[in-house]
Amino acid sequence: MTIEILTIFPEMFDSVLSASILGRAREQGLLDVRCTDIRPFSAAKHKNTDDYPFGGGAGMVMMAQPILDAMAAASARLPDARRIYLGPRGRKLTTEVARELSKEDSLILLCGHYEGVDQRALDACIDEEISIGDYILTGGELAAMVLTDCVARFIPGVLGSAESPEEESFSDGLLEYPQYTRPRDLDGSLVPEVLLNGDHAKIRAWRRRESLRATLRFRPDLLETAELTKEDRKILKELENECSSES
Ligand code: 4FL
């Protein structure tokens, strides 16, 4: 997959894209991420990319021209790319959205700044706006990194063969069960016995129960859309009774 990121701060991406799993994916040729600086595309005298808002008000607005020209250059390289603007008005990034985007051959991500982007640039060259959450950042760069990271996990081969993007929190709509590693005894705090016995059916059942318990406790809203079996519903009833008898 190829991702081209249009930004006025390309240097922000260096360490994030080079470290850890994203760095390895790029070395292996599974993911090609390029950052294109918007500023050199500016036709303005000092290569500025922003200007005062028509109608007045605080802050600056990113001008359409440098964005449209940077996008035209990127689109010429990646003619079939889905063109995404990272912004708070967009569809919320979720596991499903990331999985869907990972099937694309190429993406172009536009990072906004200042008080926003001239609407005409967005209307002319963006297929979709995506938000990473209901908050405002200092710019779209961190959102583009979050989207890139989240999408990359679904590209075949990016996670080690032992790991699956589907075996984590949210993939079946539930939170993850708790994990433990050595030592077995941490100053008297013990690893649950069931995990030590090698009975894989029992371990699977215990983990499912703990996933349900965590979801019921921390994110009960997820239970409305999670994929639940009859057995899951029975366990949830038990857990609800445990809770009410505790208090
Ligand atoms: C982008 C916020 C995506 C949430 C400022 C500029 C943003 C954002 N999701 N804040 N872009």
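Ligands are counted one by one from 1 in listed order, and the atoms in each one are counted from 1 as well.
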Quick one: ligand 1 N/O to protein N/O pairs below 3.5 Å?
from: ligand 1; atom 1: 9 (N); to: Ile132; atom 2: N; distance (Å): 3.0
from: ligand 1; atom 1: 10 (N); to: Leu137; atom 2: N; distance (Å): 3.0

Next item on the list: For atom CZ of Arg91, decide whether the heavy atoms of other residues, nucleotides or ligands shown that lie under 6.0 angstrom number more than 12.
Entry: yes
Next item on the list: Apply side chain to side chain contact (heavy atoms under 4.5 Å, CB included) to Arg233 and list each qualifying residue two or more places apart in sequence or on a separate chain.
Entry: Leu228
Check: Without hydrogens or angle criteria, can the side chains of Thr36 and Glu4 be said to hold a donor-acceptor pair below 3.5 Å?
Finding: yes
Residues 135-150, side-chain donor-acceptor partners within the protein, below 3.5 Å, at least two apart:
from: Tyr135; atom 1: OH; to: Ile132; atom 2: O; distance (Å): 3.1
from: Glu141; atom 1: OE1; to: His113; atom 2: NE2; distance (Å): 2.7
from: Glu141; atom 1: OE2; to: Thr7; atom 2: OG1; distance (Å): 2.6
from: Glu141; atom 1: OE2; to: His113; atom 2: NE2; distance (Å): 3.4
from: Thr148; atom 1: OG1; to: Ala144; atom 2: O; distance (Å): 2.8

Next item on the list: Please list all pairs passing the salt bridge (charged side-chain N to carboxylate O under 4.0 Å, His left out) test where one or both residues lie in residues 17-28, with sequence neighbours left out.
Entry: none
Notebook entry, point to check: Would you find more than 12 non-hydrogen atoms of other residues, nucleotides or ligands less than 6.0 Å from Asp105 atom CG?
Noted result: no
